[in-house]
Amino acid sequence: MQVNENKEFQPLIVAFCCNWCSYAGADLSGTNRLNYPTNVKIIRVPCSCRVNPMFILRAFQKGADGVILCGCHPGDCHYTSGNYFTRRRMTLLFSMLDFLGIERDRTRVEWVSAAEGAKFAATMNEFTEAVKKLGPNRRLEDLRCRKQ
Amino acid sequence: MLKISLENLGRLFDAVSEKQTLYIPTDREDGAAEYRKYENGMKLSRNLNTLRSAKDFFFPQTENLADFKMEGKKIEVIDIREESEDFVVFGVRACDARSFTILDKVFLSEPVDSYYKNRRDHGTIVTMACSKPAETCFCGTFGIDPTAPEGDAACWSDGESVFFKANNEKGQAFIDSVAYLLEDGDTTKLDEVNAKTKEILGKLPLANLSTEAFGGDTLMEHFRSEKWAELSESCLGCGTCTFVCPTCQCYDIKDFNTGHGIKRFRCWDSCMYSDFTKMAHGNIRNSQLERFRQRFMHKLVYFPSNNNGEFGCVGCGRCLSKCPISMNIVKVMKALEVK
Amino acid sequence: MQRIGVFVCHCGTNIAATVDVKAVAEALSHEPGVVISQEYQYMCSEAGQNLVKDAIKEYGLTGVVVCSCSPRMHENTFRKAASSAGLNPYLVEIANIREQCSWIHKDIATATEKAVILGKAAIAKVHLNTPLTAGESPVAKRALVIGGGIAGIQTALDIAEAGFEVDIVEKEATIGGKMAQIDKTFPTLDCAACILTPKMVEASQNEKITIHSYSEVSAVKGFVGNFTATIKKKKRFVDETKCTGCGLCTEACPMKKVPNAFNLGLDNRSAIYIPFAQAVPKVATIDPNYCLKLRKGDVNDKVCGKCAEACTVGAINYHQQDEYIEQKYGAIVVATGFNPIKLDKYDEFAYNQCPDVVTSLELERLMNAAGPNGGTLLRPSDKTHPHKIVFVQCVGSRCDDSKGKPYCSKICCMYTAKHAMLIREKYPDTEVYVFYIDVRTPGKNFDEFYRRAVEQYNVHYIKGMVGKVTPKADGTIDVQASDLLSNEQLHIDADMVVLATAIEPDKTARPLATMLTTQMDTNDFFTEAHAKLRPVESATAGIFLSGACQGPKDIPETVAQASAAASKAIGLLVKDSITCNPCVAHSNELMCNGCSACEKVCPYGAITYQDKEFRMPDRTTAIRRVAGVNPAVCQGCGACTVACPSGAMDLNGFSNSQIMAEVDAICK
Amino acid sequence: MNNNLKEQVIRSSGVNVLKCMRCGKCSGTCPSYDEMEYHPHQFVYMVEKGDIETLMKSESIYKCLTCFACVERCPRNVEPAKVVEAVRLAAIRKQGNNHLIADNIPEMLDEDLPQQAIVTAFRKYTK
Amino acid sequence: MQEAIISKAKQLLADGTVNRVIGWKKGEFAYDITPAIFESAEEIDADFVYDDFTSANVSKYLVKESKKEGKILAFLKPCDTYSLNQLTKEHRVNRENIYVVGIPSDGKLDAEKIKAKGITGITGVEKDGDTLKINTIYGEETMPVAEAMSNKCLSCKSRKHVTYDELIGEDGEVITSDRFDMVEKLENMTSQERYDFWRNELSKCIRCNACRNVCPACTCENCVFNNPDSGVENKAAADSFEENMFHIIRAFHVAGRCTDCGECSRVCPQNIPLHLLNRKFIKDINSLYGEYQAGADTTSKAPLNDYTQDDCEASIVHERGVE
């Protein structure tokens, strides 16, 4: 994350992707050579339900400007019900972040199947743009981690 | 005695804050008093004491000690210490003023804590006498006179004016710096106020609380007392008492990985916490009883035993009003007193 | 101290064209713990793998990071390579710099920068990897088949054929299920009983198969290879071991006005009964709701007792109680089948008002030689020959959720064609009308069959739906319907109306699914593990699906799936033990609160609780309720790790600290 | 094909005509069937095609009894009667005239007339 | 009421139903009540108190106490019974070892609120109808009772005891309260206003952990904030992020489990309205997943351990209220 006078703000986006659908979807968008920004860095988890709210906060603490969570479509979870729990947990977490005045567009959940390479790329493009608009994460940042 | 009228006190604050940072107790919207950096127009709190003590200015809750820069496999230590700027803490009560005597004994004896010393050297404490003690006050127990507060300089209010007196050179320098705002004043009314305060002090519910049963030579007797079990059973193990206490001085040192380096910092610790003094092998105080006992033994027995009878409590009463379950040093003292 | 090896793959030009692989290898060589960082043309080639293996040996590596294609491609390749060089395979991490970097980015500088970050994240993770060993768990060499219809029978026969013990649990008094009630089968028109009953007999005579009829599964515990089921044998008041099925008791029974469930209530039977002539086991059962003695409440009372008197072998036992059997199984096959839906909601078809409006299954019985009319098609109301019969398709199927079942019941088009044909064949003077929305005949010889009904048997197929059925005073039935092709509203004066009733999963399936921790869809059909690639397995390991419990099916499809489920079960049963995925959850008992949050979110029932004695930090001992994960059942989703507030639950291979290390490395 | 009209009919009826599976049960159940030139299922289909002017010109729109038998029995919850009603409404509005003028209302008022009727009539019969 | 409770306690001790009693012990002043365990009639006669200041919720002590030898008698106010039920549901207490006597509460007073009026030197507090008479060493002061009422009691949700073995007095009803008003008010603010509001509040936090340690839902064997391996451990908030982090995770970990007993806000030495965070979750759960009251029963699935296939998507957060 840098803000240079002549350089556009480049947000850091952390994407948690479930192994079975979204990570495969991300692979597919690679196979199909569908571009999305380098800002997005993917972390593979077995299921979206593995993502602890602490991981999301940790990402913001260490310098992420946006965090997106991708999982199988509801009903398609490899583990049958994991993403349903994800949905409730993240709805409440995001609502709380919103309640604390943290910008809503910094967090997102998107369901991307293994076949939706195009959707994955489009989602990442869209999300990166949205976070870019918000500018650097200031409201949920750990000042100690800010890069000089 | 030099004085300034109450309505002109703001001018004095303005004058001081022009040259250095000034902290005064001021009221929050919820009615509690807290120290804030003075800005023009800020009103001095009429409350007896602040929620957090003046300790915070010299021994802050978290403080960075050193930085480590990491590049690949290389580590570089960076000394981040800087000379502190001068500052004034105004309106410190007699009890809190005494707390610095206690803290100094810990931090300024060898090996000197350079972080604390830096702030002590640059900070001026201007104390203020009390005139309306609360039921939770028991500074008298520790020989503190709230109408004659210590500190670099002291001040008194008779309801119309504020009178100033220096207790040392630093205090004198403070008074000199604002002398042009002060005038000589008659202390007759002030003497009356002080006399009346002293009368009230005698009537306080805790006026008769005594330290007689405590001190260094009572160590084993109190340590082995059976009362601790009962006293500590309701303790929640939170750190409220320690964090509002003006004399608690325990801290922990930790490293924080910022991603581009390590910040080594210290932060207050509380003997009430389950991981207090936890070490590589485990914890030497595993039960809440032991940790609870530690706090009060430290203040009433260990500290005086190591410091010529000086107790580690100043009777400010903060823990009395803030403990979630109202267990406190007074109840402990009273329970242990009974043979 | 960790000794990590980094291996950056060019993948020909796939990676190297957009990522400066040399720079990546160079940058990563400076990371803490990295002792060797190399790049190579094709890391997955034998030469590339040897590079990794040699480095493991030469440098005594404790961790390997391969920057290459997606781990979904070659994670296993490199794990195997590591393993063969003596490094635990789970100490290998892959940084995906092809699919998620070189292939999607164009600018070499930024792509290289990203590849380095991805590499650093993998290094950060591998620092915290721990060697994992796949556990093994023994397999009980016995299968449980729940449901004794054609699906269950076929599955059981196939498993028994492979040499394994099989138990069939059937809730009715006989096995056979729906197929036993069917008259003829499409598209061959052979008699259902002629092909089913030999199979029933075969099942009963197979030494490996135990049939528990009139029984239910009341509890299932355990996991793949190691299930324990409790089977409740309901009291039938007849000793199965003694009863010869002679039928004397049924004749002696004075209570003859019991609606005959086998004939769908179209005629009556006695209170003690054998469902039908070829029932297996051919054992009598007393219906306590109708038995004069049992209905009384006091079996010692001197009421009736005619059946006991008639029985020559003393099989009648009015004191019989439910019996519970506990048995261990390695695999469970669900074959709970289907039922036609209740038609109470569809007043317009007058099913409840007029006895001559029947369901298709009822028509099967009416036409069956063993049915109420001995095989002659007669109207239930006045036992006369119907001369005009109207068939209505899609009754309750293909409906909006509020109106019925949203799915196509699949079998109706074909059996209606069959019915129409059989009627026209046997009673050429009968006019047959079929009102259809679509005729769906995908299947071998299916469309030919339907065309025969139209062309050869002159069945009137009318595109349109019946709107209203009104019984008239003269005993005929007015059928008001639209003929969409001629755009007119028709009124047919019918003698009988046959409703192609939607089918739904058996009501016992839902509680069973809960017991088995398997998933169901909103229609209560069991959900298969994968819609295309694992159609006969449930998502729960060791539980297989057979027949219509998984979705509407005809007989050949059911039998095909039954055999497929059997082969999957056999594939499991032939193993002495199963290897478990080592990336499973585990609970730190010292931190566990025993609160059950993890258990509630576990889709597999892998978590159980135990009261255990602990030595506490304050040197006391305490008994605490703590969670334990069965590694054979856990599939490693990690739902429990987030449900756990204390963080006692963690996941091997994707631990809290590993994921956070990745986050940290990426955000650096 | 008149997309505006189609949109209007679909909006005012609240019906999703695409849910129709062409079973004809609506027409099979319709008591006014013989009176109608276009039948309930045709209404749904023709609205889907956008052929609404034909329907508006047809007497059929006045033959529907609004008995809702079709709504009740439609397996897909398409609600053909609402479509018929929407076309009827479109026709009434289309005729270009306000069939009800505010000024004329007082003389039509009688004590037993519910307020609701006036409001509804106004909505139905004015442009 | 106090007499009735004391005589009940002595009776149950005497007849051997229980061997200990958990209740409240009087303190040095009129208001500083401490939860305590009594083992004999003499101890009870000497120190047991139940008055306007006995607001401490004693359920959490039962986590430890119920595992000891013998049965313990617990006097629980309606709100306390919800906490106990929740603990029972999560197997944190051994309910068979607790004899619960439900006692009524018409709201407790908060000494801090009296002191906030500038009243000091308090030697006695007495209710006189709607007026509170406060004796101080500086003379008598009065204030309306309502203004001294504890915040948690002002937004009381229920006067019903959801679990008890015996009741003293009549049981009350679940009542409708305005407890979500402030949450709603915040929801209707702009994002910036909310941010400023919470920065102002949370920056006061001294991380004393009183909110966590008093909370009957926070009974973890080892809290993540104490566990160096959890990745979020810290003792004091070094900056605004850690203040947020602590309070988000604290509230999240009790989401769907918090009974809204209000103890967190009561004990906060900095008067931070922490209950608003918990109530935000409760309000969200109620509106998104159906009304749910933690502790109302011991069998229902907690909302976060449950789901339906047609739950709303997380994007609902983007669609609601004020940006």
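Residue numbers start from 1 in every chain, and the chains themselves are labelled A, B, ... in the order their sequence lines are given, proteins ahead of strands. Computed over heavy atoms, backbone and side chain alike; hydrogens, waters and symmetry mates excluded. No experiment lies behind these values; they were computed from the predicted model shown.
- For the set W111(A), F85(A), F60(A), F94(A), the entry with the most heavy-atom pairs within less than 4.5 Å of chain E is F85(A).
- Looking at E319(E) and R104(A), their side chains never come closer than 4.5 Å, going by heavy atoms from C-beta outward.
- With respect to chain E, the highest number of heavy-atom pairs below 4.5 Å among M90(A), Q61(A), R108(A) belongs to Q61(A).
- Among T308(E), L202(E), V224(E), the residue making the largest number of heavy-atom pairs under 4.5 Å with chain A is T308(E).
- No other option in W198(E), F197(E), Y289(E) has as many heavy-atom pairs under 4.5 Å with chain A as Y289(E).
- Atom CG of L93(A) sits about 11.0 Å away from atom CG of D284(E), to the nearest 0.5 Å.
- Residue L277(E) comes nearest to M96(A) through the heavy atom pair O-CE, 3.2 Å, listed as atom of the first residue, atom of the second, then distance.
- Expressed to the nearest 0.5 Å, how far CG of L304(E) lies from CZ of R89(A) amounts to 7.5 Å.
- Looking only at side-chain heavy atoms (C-beta outward), E242(E) and R144(A) come within less than 4.5 Å of each other.
- Of the listed residues A314(E), G256(E), P303(E), the one with more heavy-atom pairs under 4.5 angstrom with chain A than any other is A314(E).
- Rounded to the nearest 0.5 angstrom, R139(A) CZ and S191(E) OG are separated by 4.0 Å.
- R87(A) forms no cation-pi arrangement with Y307(E), by the criterion of a distance under 6.0 Å to the ring centre and an angle within 45° of the ring axis.
- Annotation: K160(E), atom NZ; neighbour count of heavy atoms from other residues, nucleotides and ligands within 6.0 Å does not exceed 12.
- The neighbour count for K301(E) NZ, taken as heavy atoms of other residues, nucleotides or ligands under 6.0 Å away, is above 12.
- Proximity of N244(E) to L97(A): side-chain heavy atoms (C-beta onward) are nowhere separated by under 4.5 Å.
- Put simply, CG on L92(A) and CD1 on I285(E) are 5.0 Å apart, with the number rounded to the nearest 0.5 Å.
- Between T91(A) and C312(E), the closest side-chain pair of non-hydrogen atoms falls below 4.5 Å.
- In this structure, the separation between CZ on F99(A) and CZ on R194(E) is 8.0 Å, given to the nearest 0.5 Å.
- Across F241(E) and L140(A), no two heavy atoms sit closer than the pair CD1-O, 3.5 Å.
- D239(E) is not listed as a side-chain neighbour of E141(A), based on a closest heavy-atom distance of 4.5 Å or more.
- Interface remark: of the candidates I316(E), L288(E), N305(E), N305(E) forms the most heavy-atom pairs closer than 4.5 Å to chain A.
- Expressed to the nearest 0.5 Å, how far CG of D311(E) lies from CZ of R88(A) amounts to 4.0 Å.
- With a 4.5 angstrom heavy-atom cutoff, T86(A) does not touch chain E via any of its atoms.
- The part of S240(E) that comes within reach of chain A is its side chain, from C-beta onward, which places non-hydrogen atoms under 4.5 angstrom from that chain.
- Shown here for Y84(A) and Q309(E), the closest heavy-atom pair between the two residues is OH-CG, 3.4 Å.
- A donor-acceptor pair shorter than 3.5 Å cannot be found between the side chains of D98(A) and H318(E).
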